[in-house]
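Following: one structure in structure tokens, then a few remarks.
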Amino acid sequence: MQRIDTQDELRRMLAAHRELGHSVGLVPTMGALHAGHASLIRRAVEENAVVVVSDFVNPTQFNNPSDLRNYPRTLDQDARLVEMLGATFLFAPSVQEMYPSPDTRVFNLAPLDTVMEGARRPGHFNGVAQIVSKLLELVLPDRAYFGEKDYQQLLIVKQMVRQLGLPSQIVGCPIVREADGLAMSSRNLLLSPECRKAAPSISAALRNALPILSAQGVDAAKQKIANDINATTALRVEYVEMADPETLAPVHEYAPGHAMAFVAVQAGSVRLIDNWKY
Ligand code: PAF
């Protein structure tokens, strides 16, 4: 595994591999790698001859400066994991390297960015589109891997790739959960012991909603999920939405396989998201 921090060097290394006909996989991350990232990297290693893991805390997708400041950074530990998993390159550029001048590009991500995270975090998905498009244009991977925990992001990246006509296949990978059900997230590292103990109530509420959803419908299920999470004093629900898994349009009537619950929850100073398909 080789650590690279400039775009030029990565381009040079990948050109050599491409001349040999090697397929290339990209796993974009913001570091603080956990078992969820490991599952993406493992899949990329299985499916591609060469794997680039990018490790870059992208400032343009943070709409809250203290969230950017506090975002966990564990590069040396990340490098050990990436090496162990058999990836070829760890690309860890500086902010100056990725943004030598301000990125003023505005992407048309509607309607997917008008709901949920897009509605609550202005500019967030435009920042994601800026960095992901830069990485895809730099690496030109055959496949790029994204986790389904950030499900709205996954759909937005797919739409952006279609709009820009980029050649990469975007591969969505299932959420990896802790033994107690908490969806893996780099932000879990920031949870206080009390909030960490409470956080599994989020996935439990999602998992337990199916009987109510089938028997009493969408509104009752959303209410039950919110009540179950808010019953834990350390957690406060920001939103519970039920949406179509392909379009993210709100779902009002339950049809099996066509409803997905999305939640955002404040756990102390940490904001957690999760989702569940029914
Ligand atoms: O999901 C993330 O970690 C980030 O949004 C991504 C895709 C690496 C872009 O910075």
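Values reported hereafter were calculated over all heavy atoms of this structure, with side chains retained and with hydrogens, waters and symmetry mates removed. No experiment lies behind these values; they were computed from the predicted model shown. Order of listing sets the numbers, starting from 1, for every ligand and every atom in it.
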TODO: Report, in ascending order of atom number, the atoms of ligand 1 lying under 4.0 Å from any heavy atom of Ile131.
DONE: 9 (C), 10 (O)
Task: Proximal ligand 1 atoms for Pro28, defined as those under 4.0 Å from one of its heavy atoms - done: 8 (C)
Task: Ion pair Arg207/Asp274, N-O distance below 4.0 Å - done: no
Task: Salt-bridge present (Asp113, Arg121; N to O < 4.0 Å) - done: no
Open item on the list: Less than 4.5 Å apart, side chain to side chain, heavy atoms only: is that true for Ser214 and Tyr278?
Closed with: no
Task: Val95 and Phe56, any side-chain heavy atoms less than 4.5 Å apart - done: yes
Task: Residue portion contacting ligand 1 (non-hydrogen atoms closer than 4.0 Å) for Thr29 - done: backbone
Task: For atom 3 (O) of ligand 1, the protein heavy atom that lies nearest, with its residue and separation - done: Met30 CG, 3.7 Å
- [ ] For atom 9 (C) of ligand 1, find the nearest protein heavy atom and state the residue, atom name and distance (0.1 Å precision).
- [x] Gln61 OE1, 3.3 Å
Open item on the list: Going by the closest heavy atom to atom 2 (C) of ligand 1, which one wins out of His37, Gln153, Lys134?
Closed with: Gln153
Open item on the list: Are His37 and Tyr145, when compared by the centres of their aromatic rings, separated by less than 6.0 Å?
Closed with: no
